[in-house]
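For the numbers below, each heavy atom of this structure counts, side chains included, while hydrogens, waters and symmetry mates do not. Just so it is clear: chains get the letters A, B, ... in the order the sequence lines come, proteins before strands, and each one is counted from 1.
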Amino acid sequence: MLEKRIRVLIAKPGLDGHDRGAKIIARALRDAGMEVIYTGLRQTPEMIASAALQEDVDVIGLSILSGAHNTLAPQLMNLLHEKGMDGVTVLLGGTIPAADIPALKKAGIAEIFLPGTSTQDIVDFVRQSVEAKAR
Amino acid sequence: MSSRHEETTRRTASGQPGERADEFTTVSNHPVRRLYTPEDLSGWEPVRKLVLPGEPPYTRGIHPLMYRSRLWTMRQFAGFGSAEDSNQRFRYLLSQGQTGLSVAFDLPTLMGYDSDHALAEGEVGKCGVAISSLADMELLFDRIPLGGVSTSMTINSPAAIIWAMYLAVAEKQGVDWAALNGTLQNDILKEYIAQKEYIYPPKPSMRLVIDTFEFGARHTPKFNAISISGYHIREAGSTAIQELAFTLRDAIEYVEWGVARGMGVDDFAPRLSFFFNAHNDFFEEIAKYRAARRIWHRVMTERFGAKSPRSWALRFHAQTAGCSLTAQQPYNNVVRTALQALAAVMGGAQSLHTNSLDEAWALPTEFAATLALRTQQILAHESGVTSVADPLGGSYFLETLTNEVEAGALEYIRKIDAMGGMIPAIERGFPQREIADSAYRYQVAVDRKEKIIVGVNEFTGEEKPLETLQIDESVRGSQTERLRSLRAERSSDAVQRSLSALRKGAEGSENLMPLIYDTVKDYATLGEICAALQEVFGTHEEAAVT
């Protein structure tokens, strides 16, 4: 059976240059057999949304360590909605205060991964959420 | 001796599980043997390699008495929100016994954008203070006499501009520049390698750095023109050896450029300072600092023919490892930080920042920041380790590890020399790839529980969340308003004149510091000045390595 490979866009929105986490996740998902596109640094929400559309991804993984998540993540969610891409699962990783998590989830972020998360947990989450949507 | 130990341990191991693991390694995956004896150091001459603290090659420290004469500078990196917010935190820290200031700037400032730029949305005042013009800088140092503090500023691409603002504040306060103490981070090479806050391509960026060296040698004899930083390289996931090697090779690059500009090495090398990480692996970190001093002495004397002992001695600031802090069980971070800080002290640091327990979640609260400062004060005044210069000197293990770390770093330095220096190495992604590989290897080891992180992959348990610092979202609004009135009140003719003089200067080869100083004094904004230089210098784009 030819199974379609899961396609993931790993994106660094905002001005933050801390890319250790983004690169590790990109490599871990790739090692798990997924197709991974990494945007590189300093992407606006517009750039990320169009890259996601162009690359026809199932999942977007955002990495933000600068504290700008409350601004940037909801902006991206709005753009995805406008483009009719509500089916894309959006994940967020980085330095995210616990108090901000409920609002981010309400904005449509599927899951927030904090420092210390194992890459296996992220791989599993991606697989499960894509499978759940395929059903 | 070690063969006798080998025999004994083999006998006790028979039938019994002898050791907990098949192999023991440092956090950097460097192998560690079960025992170290004089045999490990055979052929190694303490008389030449070790000598005394304060004597070249400074393995044992750069001062004869080390902390018996003067403690390290306790320098807590701080800055958030508006200039007024940060000014208040600075004055609080000074009142609590902190002995030096260290300014954290927000991302727009680090990237050369004013607070009202579109790309600054959501980032203003978040991970540091927002500084868009001299007017903000005046508020940041309000009621802090610059003649009486030493100030470190973590700024890189726009370092020359921010420094010009600092010098302008000093001038307004009536402080002689020659009396100013402090450090400009100003290390652009590690931005391309690790932290990624670059604006211009490497060559014009290097020119700006050398301009500050030249200007500083002439006007600010006590101010460190650069802090050549391994910290960010390590945070990006390098090993201890990579941190050391890439930092020292960056330093060699700066010295080569300074010499090529026509400066005598001894005219600027004494103002070069270093900044290393203080990570978890206690002995490996101490070995790294000792090896750093020894290699630098050799580089300065043999490679550059420096004559002044002040050029030979590597002085460094250390910061405990932010990347080692855990979001889980955050109070454990207090213990981690204390151990890391102890390694920095045992390694002979000249100044130190200790991280706060809540920094895997957010910027520190005042409570957490105070506890971090108290950690240093306890090390300094209660632990007793400050009563002896280089208390660990002569340890078979530490001396062997120092030799090994030194050899590993020299090997990398040779490799980068063979590539034609650090800029070609960066352009081909060499240090970036080495670091990404090490970071991934470490993550895999953690995921497999080959490396244990307490509270994360072992000894886990639920905890109630911490109270964290909330940054007022209104900073962007108030900054935008302040910029609007600044632009209305200043002389726009003067600003246009000084900016176009700067652009013209940038097209030539003169030292840009005096021209930058003029733009700052006319209240041109950081964004305007950076954009003027960008028109001439262009923009750096990296090919992302994953």
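In this structure, B:A130 and B:V124 approach most closely via the heavy-atom pair CB-CG1, 3.8 Å.
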| field | Residue pair A:L76, A:L72: steps toward the side chain to side chain contact (heavy atoms under 4.5 Å, CB included) verdict | value | CA-CA 6 Å; A:L76 175 70; A:L72 298 169; over 6 Å; no

| field | Residues B:I193, B:D250; criterion side chain to side chain contact (heavy atoms under 4.5 Å, CB included); working and verdict | value | CA-CA 10 Å; B:I193 296 171; B:D250 284 348; 3.6 Å; yes

Output all donor-acceptor pairs under 3.5 Å across chain B and chain A; consider backbone as well as side chains.
| residue | atom | partner | partner atom | Å |
| --- | --- | --- | --- | --- |
| B:E121 | OE1 | A:Q75 | NE2 | 3.3 |
| B:E121 | OE2 | A:Q75 | NE2 | 3.4 |
| B:E123 | OE1 | A:S66 | OG | 2.8 |
| B:E123 | OE2 | A:L15 | N | 2.8 |
| B:K126 | NZ | A:G67 | O | 3.3 |
| B:K196 | O | A:R42 | NH1 | 2.9 |
| B:K196 | O | A:R42 | NH2 | 2.5 |
| B:K196 | NZ | A:D19 | OD2 | 2.8 |
| B:E235 | O | A:R20 | NH1 | 2.8 |
| B:Q328 | NE2 | A:P115 | O | 2.9 |
| B:D437 | OD1 | A:R27 | NH1 | 3.1 |
| B:D437 | OD1 | A:R27 | NH2 | 2.8 |
| B:Y440 | OH | A:D31 | OD2 | 2.7 |
| B:D447 | OD2 | A:T119 | N | 3.3 |
| B:D447 | OD2 | A:T119 | OG1 | 2.3 |
| B:V545 | O | A:K23 | NZ | 3.3 |
| B:T546 | OG1 | A:R30 | NH1 | 3.3 |

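Of the two parts of A:I24, the backbone and the side chain both hold a non-hydrogen atom closer than 4.5 Å to a non-hydrogen atom of chain B. Residue A:L15 touches chain B through both its backbone and its side chain, counting heavy-atom pairs closer than 4.5 Å. Using a 4.5 Å cut-off between heavy atoms, A:A99 touches chain B through its side chain atoms alone. With a threshold of 4.5 angstrom between heavy atoms, B:I453 does not approach chain A through any atom at all.
The OG1 atom of B:T337 lies 8.0 Å from the CG atom of B:L357; values are rounded to the nearest 0.5 Å. For the atom pair B:C530 SG and B:I161 CD1, the distance stands at 3.5 Å (nearest 0.5 Å).
By the ring pair (Phe, Tyr, Trp, His ring centres under 6.0 Å) test, B:F430 pairs with no residue at all, sequence neighbours left out. The side-chain contact (heavy atoms from CB on, under 4.5 Å) check on A:A52 picks up A:L9, A:V57, A:I60, A:M85, with sequence neighbours excluded.
The list of ring-ring contact (aromatic ring centres under 6.0 Å, His included) pairs with a residue in residues 102-122 of chain A, not counting sequence neighbours, reads A:F113-A:F125.
In terms of heavy-atom pairs under 4.5 angstrom with chain A, the leader among B:A362, B:P108, B:A236, B:C127 is B:A236.
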